[in-house]
Asks: 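One structure coming up, written as structure tokens, with questions to follow.
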Amino acid sequence: MQHLEALTREAAALGEGALTLAGTLTADESEVARTLQICNACRYCEGFCAVFPAMTRRLEFGKADLHYLSNLCHNCGACFHACQYAPPHEFAVNIPQAMAKVRVQTYGDYAFPAALGGLYRRAGLTTALALAVGLALFLLMVLGMRGTLLHEPLAGNFYAIFPHNLLAAMFGVVFGFAVLALGIGVTRFWRQVSPGERPDDARGAAIGGAAHDALRLKYLDGGHGQGCNNDDDAFTLARRKFHHFTFYGFMLCFAATAVATLYHYLLDLHAPYPFFSLPVLLGTAGGIGLLIGPAGLLWLNMRRDPRTMDLEQRPMDRGFIALLLLTSASGLALLAFRDTSAMAALLAIHLGIVMALFLTLPYGKFAHGIFRSAALLKWNIEKRRPSDLALGSD
Ligand code: SF4
Ligand code: SF4
């Protein structure tokens, strides 16, 4: 133990020396580099997640390594609760918090357009709610001015209120921009963390491995299958389950929209669709998932041990969760009351919330899924290659 402490102390001193040389690192990046030097001597947490075996393949941590490893971290908190060097120890090792700070910095660093990168630090609950309320009120006002806000029941015919082509154009443009902005952002990130990466034989297996890790949220199991730490040092799988409800709920809603689009353009079958049609069943299942998941994530977020979080990001987390919750709640309410005279008002409110969600997608918490998937892909490529150091283990 004394030997380990001495080794780790040397690593800590080495880390601080390296920081002096690495003048280009930000303060948050320097903190991750410092703690990783200590972890690289200690290595107690090697089995917890992919971050530690990836770390052992490196002796030094440049900007690209820090960005990669920070996005590989799932913020499960396990290494903080296991760490003998966590505060109040003088080494003050706190990997989840240090990496969370660098993660949000990377979203801004690689953002497209660069000028909007600062929005990540401003995207909060107030902004999200103000945008949703503002857009919903605007649409309600438009309907009021056109005299279509109050109407006789229309048998759920949304397009009698807002024409199909208008909706498709409005949401298509905003969603297309979100995809473009996130796509360019993650491509910039990839080029930085994997310079000169070429397709090779491992690529197919690596993609499969990354998809498996991302879709199962493998690294939210604490490395032992019992789950991560949320409120304290007890393990819980709740975070993983609520993430799954959220992600698969979102995907089912997306599938419902895709199927409805195919119905409309390929089969000439136009909405409204009956309850037992594929688009409505997919949308209903997705909406329920998107109610349960975000509600659970909000509950966990409110109970989360603040020591393992970057508290400045909490508004961004909650803003995204709130928009997901409101989207599903308003969508299900619209489905339930689509045959009534309240349909136009409910539709305007739902569309305002969905538009706010789409507008904030590229500059809010949604980015973490995209950047983390890219980091998982890099890890799945890297771990299939021999280590340059011949020191690390997979
Ligand atoms: S987090 Fe702490 S216990 Fe885990 S490897 Fe780093 S220094 Fe060691
Ligand atoms: S917080 Fe969890 S995922 Fe992140 S480095 Fe620690 S053990 Fe790994």
Side-chain angles (χ1 to χ4, degrees), residues 1 3-16 28-29 31-59 61 65-104 106 210 213-214 216-240 243 300 304-310 313 368-369 371-373 375-376 378-379 383 391-394:
M1 187 66 186
H3 173 68
L4 177 62
E5 181 93 14
L7 192 65
T8 310
R9 205 168 280 282
E10 270 177 41
L14 188 70
E16 276 160 22
D28 291 335
E29 290 165 347
E31 176 58 9
V32 174
R34 181 189 75 83
T35 49
L36 284 176
Q37 291 290 357
I38 298 169
C39 292
N40 223 356
C42 166
R43 300 194 176 186
Y44 177 79
C45 300
E46 239 175 7
F48 285 10
C49 69
V51 170
F52 294 96
M55 170 196 76
T56 61
R57 290 171 163 255
R58 293 158 171 82
L59 289 177
F61 301 96
D65 301 304
L66 298 167
H67 289 190
Y68 159 51
L69 294 173
S70 296
N71 279 285
L72 195 55
C73 169
H74 286 49
N75 199 244
C76 77
C79 60
F80 175 79
H81 286 282
C83 185
Q84 60 269 45
Y85 303 123
H89 192 282
E90 62 180 302
F91 290 171
V93 172
N94 187 340
I95 291 282
Q97 188 177 75
M99 288 194 166
K101 290 182 178 181
V102 171
R103 262 197 310 280
V104 75
T106 61
D213 294 349
R216 284 195 63 240
L217 281 177
K218 176 176 171 179
Y219 297 113
L220 278 184
D221 74 353
H224 39 58
Q226 295 175 59
C228 52
N229 301 98
N230 192 68
D231 323 2
D232 49 33
D233 58 1
F235 301 116
T236 172
L237 284 166
R239 206 152 133 238
R240 180 152 91 165
H243 265 93
L300 290 173
R304 183 85 193 260
D305 184 342
R307 294 172 301 169
T308 58
M309 305 171 80
D310 171 17
Q313 286 178 55
H368 82 294
F371 280 69
R372 190 165 283 146
S373 299
L376 283 170
K378 178 169 172 63
W379 167 238
K383 77 175 183 179
L391 290 172
S393 62
D394 293 342

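First listed ligand is number 1; within each ligand, the first listed atom is number 1. Everything quoted here is computed from the prediction, not taken from an experiment. Atoms considered below: every heavy atom in the structure, side chains included; atoms not considered: hydrogens, waters and symmetry mates.
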Asks: Might you point out which heavy atoms bring Phe48 and Ala82 nearest each other, and give the distance in Å?
Replies: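 Closest approach of Phe48 to Ala82, heavy atoms only: CE2-CB, 3.6 Å.
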Asks: Any non-hydrogen side-chain atom of Tyr68 less than 4.5 Å from a side-chain atom of Trp379?
Replies: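 A side-chain contact under 4.5 Å exists here.
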Asks: Grab the two heavy atoms, one from Pro87 and one from Phe80, that are nearest each other, plus how far apart they are.
Replies: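 Residues Pro87 and Phe80, closest heavy atoms: CD-CE1, 4.0 Å.
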Asks: Where's the contact between Tyr85 and ligand 1, heavy-atom distance under 4.0 Å: side chain, backbone, both or neither?
Replies: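 Under 4.0 Å from ligand 1, Tyr85 contributes side-chain atoms alone.
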Asks: Might you point out which heavy atoms bring Gln84 and His89 nearest each other, and give the distance in Å?
Replies: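 So the two residues come closest at O-CD2, 3.7 Å.
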Asks: Using every non-hydrogen atom in the two residues, find where Gln37 and Leu59 come nearest and quote the distance to one decimal.
Replies: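 Smallest heavy-atom distance, with atoms named: NE2-O, 3.5 Å.
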Asks: Quick check on contacts: which atoms of ligand 1 are under 4.0 angstrom from a heavy atom of Gln84?
Replies: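 What qualifies from ligand 1 is 3 (S).
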Asks: Strictly under 2.8 Å, is any N, O or S atom of Cys83 next to atom 2 (Fe) of ligand 1?
Replies: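 Within the cut-off used here (under 2.8 Å), Cys83 does place an N, O or S atom near atom 2 (Fe) of ligand 1.
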Asks: Can you report which non-hydrogen protein atom sits closest to atom 1 (S) of ligand 2, along with the distance?
Replies: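 Here the nearest protein heavy atom works out to Gly77 N, 3.3 Å.
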Asks: Which ligand 1 atoms are under 4.0 Å away from a heavy-atom of Cys42?
Replies: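 Listed by number with element: 3 (S), 5 (S), 7 (S), 8 (Fe).
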Asks: Using a distance threshold of 2.8 Å, what protein N/O/S atoms lie below it relative to atom 8 (Fe) of ligand 2?
Replies: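 Near atom 8 (Fe) of ligand 2, the protein supplies Cys49 SG.
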Asks: Of all residues at least two apart in sequence or in a different chain, which pass the side-chain contact (heavy atoms from CB on, under 4.5 Å) check with Asp28?
Replies: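 So Asp28 forms a side-chain contact (heavy atoms from CB on, under 4.5 Å) with Thr26, Lys101, Val102, Gln105.
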Asks: Taking all heavy atoms of Met309 and all of Gln97, pick out the closest pair and write down the distance.
Replies: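 That would be O-NE2, 2.8 Å.
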Asks: Could you tell me whether the side chains of Thr308 and Asn229 share a donor-acceptor contact shorter than 3.5 Å?
Replies: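 No, no side-chain donor-acceptor pair sits under 3.5 Å.
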